[in-house]
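Scroll down for the structure; my scribbles are underneath it.
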Amino acid sequence: MAGKKIHIFDTTLRDGEQVPGCKLNHTQKMICARKLEELGVDVLEAGFPVSSPGDFKAVEDISKEIRKPIICGLSRAVKEDIKVAAEALQYAARPRIHTGIGTSPIHIEHKLRTTQEKIIEKAVGAVKYAKSFVEDVEFYAEDAGRTDNVYLTQVIQAVIDAGATVVNIPDTTGYCLPQEYADKIKYLVENVKGIENVTISAHCHNDLGMATANSISGMTNGITQIECTMNGIGERAGNTSLEEVAMIIKQRFEGQYYTDINSKLLTSTSKLISDSMCMVVQPNKAIVGENAFAHSSGIHQDGIIKFRENYEIIDPLEVGLTQSEIVLTARSGRAAVAYKAKEIGYNLSKDELDIVYKEFIVLADKMKQVSIDELGNLLKTTLAAVA
Ligand code: KIV
Ligand code: ZN
């Protein structure tokens with residue numbers, strides 16, 4: 001593959017699973033972990049081991065079985081959390097401890113009630129302690145999106161000097177605009193000594209609908225790992241969507257960046273996560289929504305039938321679908337009716353199509369959508385009546 005590799009850090013089973021109602025049982029977690037491995041994620045954040053015995057066991061069992069990706073366990077910058085994470089990860093082929101602390105003025109004053117100096121001490125202490133268990137330690141500067149760049153530089157410098165192998169710059173509250181996030185990453189790249197020797201990670205939330213845009217603008221400014229979830233699930237408005245990142249990189253950055261995601265598995269992975277977590281994917285969701293490759297207006301249907309690329313920038317086969325969909329509604333034109341009729345064996349002449357179309361529009365006006373079976377019945381009865 002040409003270009004720079006962007007590592008995909010999947011946090012569906014941690015940030016995604018902490019959403020109310022998304023909790024998975026142990027078996028479901030194992031099945032989802034296997035699917036994410038097959039999809040090609042580089043890092044799998046399997047849980048927050050200190051948070052519950054169930055999460056501990058999930059991280060432990062995923063560490064035992066899933067061998068290709070790095071297995072990561074979350075912790076706060078607290079000794080007990082780090083020790084428990086290390087225990088849960090002990091069987092992993094490549095374990096990573098993900099530890100961190102809030103760095104924004106709001107978090108320091110109103111959540112942690114401490115000082116900037118003490119935060120740096122705690123951050124360094126947490127990284128050094130985690131390094132006593134594993135080589136690969138990722139540090140997150142929680143709420144980095146609202147952290148002043150000069151102070152953030154001091155924090156990131158200190159944790160790299162303490163041995164962090166990955167520095168995560170989360171926009172925890174989904175506050176940044178793409179240019180601000182890009183400038184933040186650029187500033188760190190230009191001002192932290194040794195940052196070129198570690199992985200720089202984006203972990204963006206979607207409170208303003210900017211998570212994917214921020215991750216991509218971070219990537220073009222030095223980010224080499226993107227933290228994301230299938231279907232964009234996660235706290236509040238969710239995280240960066242894995243499927244969006246994978247397809248943006250594939251479609252728009254060919255030769256510059258690449259991921260190891262097997263895009264043909266995106267649709268099936270999305271379905272598995274959605275079904276297991278009982279979390280419906282909105283129909284208009286990019287890449288994996290039910291309507292992402294469906295065409296319903298007459299003008300678009302005519303264009304798609306003539307040449308798919310008139311209205312599609314992604315080949316549906318690339319994301320694991322078998323074809324685009326022409327949906328029959330009252331907005332559909334003759335071209336779409338003829339096309340769908342042909343799919344079920346009717347090669348209509350112009351006159352036959354005129355007759356069928358007249359009846360079709362009457363039916364379609366009464367319904368949201370005309371199914372292929374309903375079209376079949378209509379063809380049968382209408383054509384029998386004119387014979
Ligand atoms: O959003 C966030 O800051 C997080 C951290 C724990 C990485 O989820
Ligand atoms: Zn998060």
Side-chain angles (χ1 to χ4, degrees), residues 7-20 22 41 43-52 55 59 70-78 81-82 84-85 88-89 96-108 110-112 119 122-123 126-127 130 136-147 152 155-156 159 164-176 180-181 184-185 188 198-212 214-215 218 223 225-242 244-245 277 279:
H7 294 253
I8 297 296
F9 176 119
D10 179 89
T11 183
T12 307
L13 301 183
R14 199 278 297 168
D15 216 322
E17 207 235 10
Q18 70 198 43
V19 171
C22 281
V41 306
V43 186
L44 201 162
E45 188 164 53
F48 183 8
V50 83
S51 67
S52 73
D55 236 31
V59 175
I70 291 171
I71 307 298
C72 182
L74 184 74
S75 74
R76 294 165 296 180
V78 169
D81 283 30
I82 296 169
V84 173
L89 290 164
R96 176 182 294 175
I97 293 178
H98 189 190
T99 188
I101 194 163
T103 55
S104 67
I106 293 185
H107 277 216
I108 295 177
H110 299 290
K111 186 177 107 165
L112 303 158
I119 290 290
K122 278 193 177 235
V127 169
D136 192 7
V137 173
E138 173 165 342
F139 175 81
Y140 63 87
E142 194 180 6
D143 205 14
R146 291 189 295 175
T147 302
L152 187 60
V155 176
I156 298 303
V159 296
T165 46
V166 184
V167 289
N168 179 9
I169 316 300
D171 185 21
T172 304
T173 52
Y175 173 77
C176 288
E180 281 169 336
Y181 193 72
K184 189 172 286 295
I185 301 305
L188 292 171
V198 304
T199 300
I200 314 174
S201 189
H203 177 110
C204 297
H205 278 267
N206 208 29
D207 301 66
L208 291 173
M210 296 285 187
T212 300
N214 285 344
S215 301
I223 287 291
Q225 173 180 281
I226 295 180
E227 306 195 4
C228 45
T229 59
M230 269 322 292
N231 305 334
I233 59 168
E235 282 281 342
R236 307 180 308 281
N239 288 67
T240 301
S241 286
L242 187 155
E244 292 173 12
V245 166
M277 294 191 169
M279 187 77 163

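Both ligands and their constituent atoms are indexed starting at 1 by order of listing. Everything numeric here is computed off the predicted structure, so don't read it as measured data.
- Remark: ligand 1 and D15 share an N or O pair separated by less than 3.5 Å (distance only, no angle test).
- At under 3.5 Å, a nitrogen or oxygen of H205, whether backbone or side chain, sits near a nitrogen or oxygen of ligand 1.
- Per-residue contacts place P170 under 4.0 angstrom from the following atoms of ligand 1 (heavy atoms of the residue considered): 3 (O).
- For the ligand labelled ligand 1, residue R14 lies inside the 4.0 Å heavy-atom shell.
- Residue D15 approaches the Zn ion (ligand 2) most closely through its N/O/S atom OD2.
- Considering backbone and side-chain atoms together, E142 places no N or O closer than 3.5 Å to any N or O of ligand 1.
- Contact annotation: for N168 versus ligand 1, heavy atoms closer than 4.0 Å belong to the side chain alone.
- When hydrogens are left out, the protein atom nearest atom 4 (C) of ligand 1 is H203 NE2, 3.4 Å; that is the closest non-hydrogen contact.
- A donor-acceptor pair is defined here as one N or O able to donate and one able to accept, closer than 3.5 Å; such a pair exists between the side chain of K184 and the backbone of A144.
- Distance alone, capped at 3.5 Å, is enough to place a donor-acceptor pair between the T99 side chain and the R76 backbone.
- Considering all non-hydrogen atoms of both residues, T240 and S215 come closest at OG1-OG, 2.9 Å.
- Partner of H203 under the side-chain hydrogen bond (donor to acceptor under 3.5 Å, both in side chains) criterion, chosen from D15, T172, N214: D15.
- Listed here is the closest heavy atom pair of E244 and T212: OE1-OG1, 2.7 Å.
- Between Y140 and S75, the shortest heavy-atom contact is OH-O, 3.1 Å.
- Closest approach of A85 and L74 over heavy atoms only: CB-O, 4.3 Å.
- Here the heavy atom of the protein found nearest to atom 3 (O) of ligand 1 is T172 OG1, 2.6 Å.
- A donor-acceptor pair is defined here as one N or O able to donate and one able to accept, closer than 3.5 Å; such a pair exists between the side chain of T147 and the backbone of S104.
- Taking only nitrogen or oxygen atoms, main chain and side chain alike, Y140 does not reach within less than 3.5 Å of ligand 1.
- Taking 2.8 Å as the threshold, E235 does not count as a candidate ligand of the Zn ion (ligand 2), since none of its N, O or S atoms lies below it.
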